[in-house]
Protein chains: 2
Amino acid sequence: MNEKNLSSISDSEWEVMRIVWTLGETHTKQILKELRAKKDWSDSTIKTLIRRLVQKGWLTAKHEGRRYTYTATVSQTDMMYNEAKTLLNRMCDMHKGEVILKLLKDSPISKGDLMKMQEEISQKEKTAPNMVPCNCLKNGSTIC
Amino acid sequence: MNEKNLSSISDSEWEVMRIVWTLGETHTKQILKELRAKKDWSDSTIKTLIRRLVQKGWLTAKHEGRRYTYTATVSQTDMMYNEAKTLLNRMCDMHKGEVILKLLKDSPISKGDLMKMQEEISQKEKTAPNMVPCNCLKNGSTIC
DNA sequence: TCCTTTCGTTTACAAATGTAATCATATAAC
DNA sequence: GTTATATGATTACATTTGTAAACGAAAGGA
């Protein structure tokens, strides 16, 4: 049941999700408040985004009186990971390492995560190839 | 001159770029050929994508006779990196480590890149925080 | 009870994207 | 030279996204 046929999430929608993830179960008022502080969007815009997120199945709307209470249907890390994966999927295998390295450099990372990475890398090193071939062409060049 | 005001690149357009990056200087015929092998797109569609890429400035079209020769104006890794960066920018700081770790796990990476990562991690460990605070709300919760 | 907020709902509209047909023309093949 | 082919240019059209106005009903205040 985790594989609903969800469409992807857009930039602005993502911004709304962040609020919901952080606040947990919440309602329009709160979302409006938080987004007013972060973004220069009209309330109308924000309401549209919420509506679309519900339509798309990323938010659940529980009717309470005339209001709604919203909850995210996916965890933030799942969503983050999926988006990241989708992105890497369009990219050439050969250069993924380089890109991940750059992300690593540019992102703030906790000691704990760094240690896990350390470990993962040690594991991978055992069987890592000297070079990952390019997969940009159906058949042909292994270098790009 | 590297900071043209380029719009972003779409999924399908990316697929065209991969071909050009791999082939280097090339022309429609080649692009069509490679993409016919990979994608189920009509020639028309591919031609539209090429045109849009030229418009957007991602491809340069040099007129030679009645044909064009196309060249990419950005390197693949630059583009990959930018896209990855854009993606991470929308995400909560707190969870970036986790996501990068997952990408690391799921991507094929060469020995060389792994070593560079090893090093980078050692560097970062020196000053890494125990926890990276959430930045989803303008001011408020540091945890999400 | 009447007015004013607050929400949810409906409608709008331009730009970007996915996907393609058609048409004119330059070329290559016959 | 005439025809078939390749190629660029024009036009099309539905969907998604960004961004928002407007309207109606409910709820809270006065």
Side-chain angles (χ1 to χ4, degrees), chain A residues 5-20 23 25-36 38-71 79 83 86-87 89-90, chain B residues 4-20 23 25-71 79 83 86-87 89-90:
Chain A
N5 57 342
L6 301 162
S7 11
S8 190
I9 191 172
S10 79
D11 259 36
S12 320
E13 286 164 359
W14 186 284
E15 215 51 61
V16 176
M17 291 302 289
R18 288 183 71 174
I19 306 297
V20 180
L23 298 177
E25 200 171 82
T26 186
H27 35 77
T28 308
K29 192 194 187 98
Q30 273 292 302
I31 300 177
L32 284 175
K33 181 178 156 215
E34 297 297 343
L35 279 178
R36 280 195 200 118
K38 278 185 85 178
K39 297 283 171 179
D40 196 25
W41 291 339
S42 81
D43 287 5
S44 230
T45 298
I46 299 171
K47 284 189 268 181
T48 299
L49 293 173
I50 296 174
R51 186 171 45 73
R52 288 184 186 162
L53 283 167
V54 172
Q55 263 175 204
K56 289 183 175 183
W58 296 114
L59 287 182
T60 289
K62 201 180 356 169
H63 221 166
E64 296 195 333
R66 69 272 117 217
R67 311 282 164 79
Y68 286 108
T69 302
Y70 300 102
T71 330
M79 179 84 92
E83 293 292 304
T86 300
L87 183 69
N89 273 343
R90 336 183 3 252
Chain B
K4 323 152 200 172
N5 56 340
L6 300 164
S7 11
S8 190
I9 192 173
S10 79
D11 260 35
S12 321
E13 286 164 0
W14 188 283
E15 215 51 60
V16 176
M17 290 302 289
R18 287 181 72 175
I19 305 298
V20 180
L23 298 177
E25 199 170 82
T26 186
H27 36 78
T28 308
K29 191 194 188 97
Q30 273 292 303
I31 299 177
L32 284 176
K33 181 179 156 218
E34 297 297 343
L35 278 179
R36 280 194 201 118
K38 278 186 83 179
K39 296 283 170 179
D40 196 25
W41 292 338
S42 81
D43 287 5
S44 231
T45 299
I46 300 171
K47 284 189 268 181
T48 300
L49 292 173
I50 295 174
R51 186 170 44 74
R52 287 183 186 162
L53 284 167
V54 172
Q55 263 174 208
K56 290 183 176 184
W58 297 113
L59 287 183
T60 290
K62 201 179 357 168
H63 221 165
E64 296 195 334
R66 71 273 116 217
R67 313 278 166 81
Y68 287 108
T69 301
Y70 300 103
T71 329
M79 180 83 92
E83 294 291 305
T86 301
L87 183 70
N89 272 344
R90 345 198 295 306

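So you know, we letter chains A, B, ... as the sequences are listed, proteins then strands, and number each from 1. Every heavy atom of this structure was used, including side-chain atoms; hydrogens, water molecules and symmetry mates were not.
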TODO: Please list, chain by chain and in numerical order, all residues satisfying salt bridge (Lys or Arg N to Asp or Glu O under 4.0 Å) with B/Lys29, sequence neighbours excluded.
DONE: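 Listed in chain order: nothing, the list is empty.
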Task: Residues which pass salt bridge (Lys or Arg N to Asp or Glu O under 4.0 Å) with A/Glu13, listed by chain and number, not counting sequence neighbours - done: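 Checked A/Glu13 against salt bridge (Lys or Arg N to Asp or Glu O under 4.0 Å); matches are A/Lys56.
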Provide, to the nearest angstrom, the distance between the [atom1] atom belonging to [X] and the [atom2] atom belonging to [N].
| X | N | atom1 | atom2 | answer |
| --- | --- | --- | --- | --- |
| A/Lys62 | C/dG8 | NZ | P | 14 Å |
| B/Lys39 | C/dT19 | NZ | P | 9 Å |
| B/Leu35 | D/dT7 | CG | C1' | 16 Å |
| A/Leu53 | C/dT9 | CG | P | 15 Å |
| B/Lys29 | D/dG8 | NZ | C1' | 14 Å |
| B/Asp11 | D/dT17 | CG | C1' | 15 Å |
| B/His27 | D/dG8 | NE2 | P | 10 Å |
| A/Glu13 | D/dT16 | CD | P | 11 Å |

TODO: State, to the nearest 10°, the angle formed by the axis through the first five base pairs of the helix from C/dT1-D/dA30 to C/dC30-D/dG1 and the axis through its last five.
DONE: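 End-to-end axis angle: 0°.
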Phosphate contact ([N] OP1 or OP2) by [X] side-chain N/O below 4.0 Å:
| X | N | answer |
| --- | --- | --- |
| A/Tyr70 | C/dC7 | no |
| A/Lys56 | D/dT15 | no |
| A/Tyr68 | C/dT9 | yes |
| B/Ser8 | C/dA16 | no |

Task: Name of the residue among A/Ile31, A/Thr60, A/Ile19 meeting side-chain contact (heavy atoms from CB on, under 4.5 Å) with A/Tyr70 - done: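 Going through A/Ile31, A/Thr60, A/Ile19 one by one, the side-chain contact (heavy atoms from CB on, under 4.5 Å) with A/Tyr70 is satisfied by A/Ile31 alone.
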- [ ] Return each pair, listed once, that meets salt bridge (Lys or Arg N to Asp or Glu O under 4.0 Å) where at least one residue sits in residues 60-71 of chain B; pairs must be two or more places apart or across chains.
- [x]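 Residue pairs passing salt bridge (Lys or Arg N to Asp or Glu O under 4.0 Å), neighbours aside: B/Glu25-B/Lys62.
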TODO: For the pair A/Trp58 (side chain) and A/Ile9 (backbone), establish whether a donor and an acceptor sit closer than 3.5 Å, ignoring hydrogens and angles.
DONE: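 Judged by distance alone, no pair lies under 3.5 Å.
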Open item on the list: I need the full list of side-chain hydrogen bond (donor to acceptor under 3.5 Å, both in side chains) pairs touching residues 44-54 of chain A, with sequence neighbours left out, sorted by first then second residue.
Closed with: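 As it turns out, the side-chain hydrogen bond (donor to acceptor under 3.5 Å, both in side chains) pairs with a partner in residues 44-54 of chain A, which skip direct neighbours, are A/Ser42-A/Thr45, A/Arg51-A/Gln55.
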Open item on the list: Just to verify, what does A/Thr86 make a side-chain contact (heavy atoms from CB on, under 4.5 Å) with, not counting sequence neighbours?
Closed with: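 Per chain and number, A/Thr86 pairs via side-chain contact (heavy atoms from CB on, under 4.5 Å) with no residue.
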Task: Residues in side-chain contact (heavy atoms from CB on, under 4.5 Å) contact with B/Lys33, at least two apart in sequence or another chain - done: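 So B/Lys33 forms a side-chain contact (heavy atoms from CB on, under 4.5 Å) with B/Gln30.
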Open item on the list: Classify A/Asp43 by what it touches in the nucleic acid, base, sugar-phosphate, or nothing, heavy-atom distance under 4.0 Å.
Closed with: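 Nothing, no nucleic acid heavy atom in range.
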TODO: Check side-chain hydrogen bond (donor to acceptor under 3.5 Å, both in side chains) between B/Arg36 and all other residues, then give those that pass, not counting sequence neighbours.
DONE: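 In terms of side-chain hydrogen bond (donor to acceptor under 3.5 Å, both in side chains), with neighbours along the sequence ignored, B/Arg36 is linked to B/Asp43.
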Task: Per-nucleotide protein contact string for nucleotides 19-27 of chain D, where B marks a base within reach and S marks sugar-phosphate only (heavy atoms under 4.0 Å, - for neither) - done: BBBB---SS
